[in-house]
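Have a look at the structure below before the remarks.
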Amino acid sequence: MAPQTYIADIAEFAGKKVTVAGWVYNKTGKGKLLFILLRDGTGIIQTVIFKGNVSEETFAACENLTQESSLQVTGVVTADARAKGGYELQAEHVEIVHIAADYPISPKEHGIDFLMDNRHLWLRSSKQHAVLKIRHDIIKAARNFFDSQGFTLVDAPIFTPNSCEGTTTLFETNYFDTKAYLTQSGQLYMEAAAMAFGKVYCFGPTFRAEKSKTRRHLTEFWMIEPEVAFFDLQQDMDLAEHMVEFIVGSVLENRRDELEVLERDISVLENITRPFPRIRYDEAVQMLKDAGADFKDDDDFGAADETIISEKFAKPVMITHYPAAVKAFYMKRDPQRPDRALCVDMIAPEGYGEIIGGGQREDDHDVLLQGLKKHNLPLEAFQWYLDIRKYGSVPHAGFGMGIERAVAWICGRSHIRETIPFPRTMYRLNP
RNA sequence: UCCGGUGUAGCUCAAUCGGCAGAGCGGGUGGCUGUUAACCACUAGGUUGUAGGUUCGAGUCCUACCACCGGAGCCA
């Protein structure tokens, strides 16, 4: 193939002859003049094909180009205010690579079911493209954050012999002659790893066989889960808000164009700076009651409750000290008030719900053992986990951030299914 | 799993009281030297989700099923 110039870099080549390779995003024309919006994955540029500037055959061939046909265009880059992006390419030579069949996604509106059936093609559309570019940046920023703070990436297994929490439904697989389950969290393994490396994180897919059917749920989603030895709840919260600030800052710095494509209100994101508000569960309950919500004491918050609380703050709010009864068995209890857990949920603003859940872990062997028994969990499967409390147990804490929920919030998307390339939901396994 | 909704051309949707199946976009053909979701003319395109029922007659009414959408619970 001819050496290729990417559209993202096109301004550097004004006045020069380049070859751009890509796909037809849209085509208009007027008689002897054709305008082809050419998309190459890095950007879109208007290509001008004038009958007098190319051969008869080339012009005739270009008239037959359909949406998403692939081609290489060689010509001079010119600045032109009439073109979107400010530059256009005056075609001299066009090499058609493939004429696309009738492309199903037109520039008009479509229903969500149709678009999801065509997700493999929908990825080419500008908004979907922007969301996934930002997703990439969020993941990169999160990893940069931990890497720069001395964390070690220690990936957790996907196949697990048991439930991490014992409560959520798991996807069961046939693992040779036994059963294995797809992981729903890497946390327990990170606790073991933290005792080996001090500061660790994992980043991988997690699976929940819950029949959840909301705009915030996927059956397969990605989590980044740090875990730190000799860390308490307060330090855990410091880390979480620092990470979120870093990620949002990185997206604002690197993905302005994409945020604009998504029509995201940037001022809202610019306000995401430390410190974030921190409230206790009891204060949150009081807020709900003051707002007139129908709330049962010692219950967990529902989606509507989270929205009411989050709307009181312009930044993500961290809620701590939930009733231990509604939280997982490994949460450490507050010594001051043993019916409360040393846990934290971070609720994103604008009603996007919980993006982070975490807390300090129970580090006493016997208390943890009691918790396992109370939850009717198979003790044999958790022996290795109890070992962490037998050999140099220390206070430790961590959290998990759901990547897709963070992407949905930062991108201002109303539904999580657009924040992962190929979403898996209760009703969708294809494409 | 529960509650509510939708299903008509490739796509987005109309179709009055139960009375001839329609439009825009997209496709095709022709025209146009500055288009931005171009415009103009012509044209092709239908098992009305599936199966049954009521009726002289069903896209429309009834029953069941299927698919999907929105919400709840659970969670990140």
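Lettering follows sequence order; numbering is per chain, from 1.
- For A:His110, the listed nucleotide lying nearest its side chain is B:U12; candidates were B:G34, B:C74, B:U12.
- Picking from B:C74, B:U35, B:C69 the nucleotide with the shortest atom distance to the side chain of A:Lys213 gives B:C69.
- Atom CZ in A:Phe301 sits about 15 Å away from atom C1' in B:C75, given to the nearest Å.
- Toward the 5' end of RNA chain B, the nearer of the two residues A:Thr425 and A:Asp305, judged by each one's closest nucleotide, is A:Thr425.
- B:A76 has A:Phe221 stacked on its base ring, the centres lying under 5.5 angstrom apart and the planes within 30 degrees of parallel.
- Checking B:U12, B:A72, B:A76 against every side-chain atom of A:Phe114, the shortest atom distance belongs to B:U12.
- Comparing atom distances between the A:His217 side chain and each of B:C74, B:G70, B:U35 picks out B:C74 as nearest.
- We find that OH of A:Tyr322 is positioned 11 Å from P of B:C75, with the value rounded to whole Å.
- What separates OH of A:Tyr25 from C1' of B:A37 is a distance of 10 Å, to the nearest Å.
- In the set B:G34, B:A38, B:C69, the nucleotide with an atom closest to the side chain of A:Asn26 is B:A38.
- Atom CD in A:Glu306 sits roughly 9 Å away from atom C1' in B:C75 (whole-Å rounding).
- Comparing B:G70, B:A76, B:C75 against the side chain of A:Glu354 picks out B:A76 as the nearest.
- Residue A:Phe59 contributes atom CZ, which lies 10 Å from atom P of B:C32 at whole-angstrom precision.
- When each of A:Asp345, A:Asp298, A:Asp334 is checked for a salt bridge (charged side-chain N to carboxylate O under 4.0 Å, His left out) with A:Lys327, only A:Asp345 meets the rule.
- The side chain of A:Arg208 contributes no N or O atom lying less than 4.0 Å from OP1 or OP2 of B:G73.
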Stepwise side chain to side chain donor-acceptor pair (under 3.5 Å) test for A:Tyr385 and A:Glu191: CA-CA 8 Å; A:Tyr385 187 62; A:Glu191 291 185 52; 2.5 Å; yes
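- Of the candidates B:G70, B:A72, B:A76, B:A72 carries the atom nearest the A:Thr214 side chain, counting heavy atoms from C-beta on.
- Note: CG (A:Leu33) to P (B:G34) measures 7 Å, nearest angstrom.
- Rounded to whole angstrom, the span from the CG atom of A:Asp117 across to the C1' atom of B:G49 amounts to 14 Å.
- Contact between the side-chain N/O atoms of A:Asn118 and the OP1/OP2 oxygens of B:G10 is not found at any separation under 4.0 Å.
- The side chain of A:Arg405 has B:A76 as its nearest neighbour among B:G34, B:C69, B:A76.
- Among the candidates A:Glu258, A:Glu260, A:Glu418, A:Glu263, the single residue satisfying the salt bridge (charged side-chain N to carboxylate O under 4.0 Å, His left out) test with A:Lys127 is A:Glu263.
- Counting any heavy atom pair closer than 4.0 Å across all strands shown, A:Leu34 reaches no nucleic acid atom.
- The residue A:Gly353 sits apart from the nucleic acid: no heavy atom pair falls under 4.0 Å.
- To the nearest angstrom, P of B:A37 lies 10 Å from CD of A:Gln46.
- Across B:C69, B:A72, B:U35, the shortest atom-to-atom separation from the side chain of A:Arg216 is found for B:A72.
- Here the side chain of A:Glu88 is nearest to one of B:A76, B:A72, B:U35, namely B:U35.
- Of all non-hydrogen atoms in A:Arg274 and A:Glu245, the two that sit nearest each other are N-OE2, 2.8 Å.
- More than 12 heavy atoms of other residues, nucleotides or ligands sit less than 6.0 Å from atom CZ of A:Phe114.
- Ion pair A:Asp147/A:Lys199 not flagged as a salt bridge, since none of the NZ, NE, NH1 or NH2 atoms sits closer than 4.0 Å to an Asp/Glu carboxylate oxygen.
- In this structure, A:Ala303 reaches the sugar-phosphate backbone alone: every heavy-atom distance under 4.0 Å involves primed, P, OP1 or OP2 atoms, never a base.
- Contact between the side-chain N/O atoms of A:Lys84 and the OP1/OP2 oxygens of B:U36 is not found at any separation under 4.0 Å.
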